[in-house]
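Here is the structure we will look at.
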Amino acid sequence: MGQDGKAQQIEQQLTAALKRSQILLYPQLEGSVIKMESKPVMVGGDVRNPQILQEIRPLTLVEALMLAGGPQGDASNSVLVTRVNSNGQAVSYDLPLSKVLSGTNKTDNIAIHPGDTIQVLPGEKVFVAGDVKSPGAFSLQRDQQLTVAKIMALSGGWKANAKPKKAVIVRDGPNGQRMTIPVNLPKIMDRKEHDIALESNDLLYVPGSTGKAVGLAVVKGVGGAAMWGLGYLIIRQ
């Protein structure tokens, strides 16, 4: 309904109310809409320019994301759209970002409603440190699983002087406590032991033969979680 239609509807409602209350027997009213309050669309999370969009026309999800500069390079493959349904309940839709951006499927590139909140979820990562050829942080993509064998391939494998039989995974436990999981890398790579799936924020640490100094030097720049994890391991050595 346009502004003129809303003004006419308000006129009719006020006229009927005045007649019922007998304040005026033949009221003649004329109204106009000065300002219409809109429900903004908020776009945030891992986007380049978080925005509050005052919706002036129908938008699709990909259009709203582009108005916010698009996703950051290290964003996850999940975009969350939260809206209030007709029953007043908040409902969230977790959509694959890659399919939304491709525009090939209209069921993913949904229409945006006034008042919607759009969040591109931050990318989850696992860390590799110690005597490996390319230590660093590696992204966990939606619907993909990184295992110890895969992460060793991505990091180039261990160095000649490493101790791969004494590698460990540092992981956050269910109660917030850190735990270490022993890993025998040669047996996993030779398929003599079951490969281990990595979880978000895991740190795979491969010790070296030269001791703590090399481990600290290699891990610099990997990230806070990995630095903390390495410190934890060093304390236990």
Side-chain angles (χ1 to χ4, degrees), residues 44-47 71-80 92 94-99 119-237:
D46 263 18
V47 293
Q72 298 275 19
D74 58 352
S76 74
N77 195 33
S78 291
V79 55
L80 203 65
S92 294
D94 187 358
L95 302 167
L97 182 60
S98 59
K99 291 184 178 180
Q119 286 185 301
V120 176
L121 301 184
E124 297 181 331
K125 294 179 173 62
V126 296
F127 302 89
V128 184
D131 257 19
V132 292
K133 295 177 181 177
S134 298
F138 298 85
S139 295
L140 274 173
Q141 297 297 328
R142 182 191 180 109
D143 299 328
Q144 289 183 335
Q145 188 179 69
L146 273 181
T147 64
V148 168
K150 288 180 181 179
I151 205 71
M152 288 309 301
L154 291 171
S155 62
W158 57 82
K159 293 182 178 179
N161 294 325
K163 296 180 180 179
K165 294 180 181 180
K166 296 185 178 181
V168 289
I169 296 170
V170 180
R171 175 174 295 173
D172 293 336
N175 298 322
Q177 297 178 341
R178 269 72 179 184
M179 57 183 178
T180 55
I181 303 170
V183 178
N184 188 321
L185 290 176
K187 287 189 176 182
I188 287 178
M189 300 306 290
D190 291 339
R191 298 183 180 182
K192 294 179 180 179
E193 282 190 4
H194 183 69
D195 201 1
I196 301 174
L198 295 170
E199 299 178 2
S200 178
N201 211 38
D202 275 359
L203 167 68
L204 175 62
Y205 177 69
V206 184
S209 60
T210 53
K212 302 175 186 177
V214 170
L216 283 172
V218 171
V219 80
K220 280 186 178 180
V222 170
M227 285 292 291
W228 192 96
L230 181 59
Y232 175 77
L233 289 170
I234 287 173
I235 290 171
R236 292 193 51 161
Q237 285 178 350

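Any value given below was found using the heavy atoms of this structure, including those in side chains, with hydrogens, waters and symmetry copies removed.
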(request) Could you grab the distance from atom CD1 of I196 to atom CD1 of I188, nearest 0.5 Å is fine? (result) 4.5 Å
(message) Which heavy atom of M189 sits nearest to which heavy atom of A149, and what is that distance?
(response) SD-CA, 3.7 Å
(request) To the nearest 0.5 Å, tell me how far E124 CD sits from N77 CG. (result) 11.5 Å
(message) Just so I know, are the side chains of D46 and P71 near enough to count as touching, which here means a heavy-atom distance under 4.5 Å?
(response) no
(message) Rounded at 0.5 Å granularity, tell me how far NZ in K133 sits from CG in D131.
(response) 11.5 Å
(request) Indicate the atoms forming the closest heavy-atom contact of P135 with A129, along with that distance. (result) CB-CA, 4.2 Å
(message) Can you confirm whether V128 sits close enough to F138 that some side-chain heavy atom of one is under 4.5 Å from a side-chain heavy atom of the other?
(response) yes
(message) I need the L121 CG to D94 CG distance, nearest 0.5 Å.
(response) 6.0 Å
(message) Quick check: do P186 and K165 have side-chain heavy atoms less than 4.5 Å from each other?
(response) yes
(request) Any chance you could measure L198, atom CG, to N201, atom CG, to the nearest 0.5 Å? (result) 11.5 Å
(request) May I ask you to decide if Q145's main-chain N or O and K150's side chain share a donor-acceptor pair within less than 3.5 Å? (result) yes
(request) Might you point out which heavy atoms bring A137 and K125 nearest each other, and give the distance in Å? (result) CB-CD, 4.0 Å
(message) Minimum heavy-atom separation for A75 and V120, please, with both atom names.
(response) CB-CG1, 3.7 Å
(request) For residues V206 and A162, report the shortest heavy-atom separation together with the two atoms involved. (result) CG1-CB, 3.9 Å
(message) Measuring from atom CG of D190 to atom CG of N184, what distance do you get when rounded to the nearest 0.5 angstrom?
(response) 9.0 Å
(request) Decide yes or no for M152 and L204: does some side-chain heavy atom of the first lie under 4.5 Å from some side-chain heavy atom of the second? (result) yes
(message) If we check side chain to side chain contact (heavy atoms under 4.5 Å, CB included) with V170, which of these qualifies: I181, D202, T180?
(response) T180
(request) For the residue pair V148 and I169, establish whether any side-chain heavy-atom pair is separated by less than 4.5 Å. (result) yes
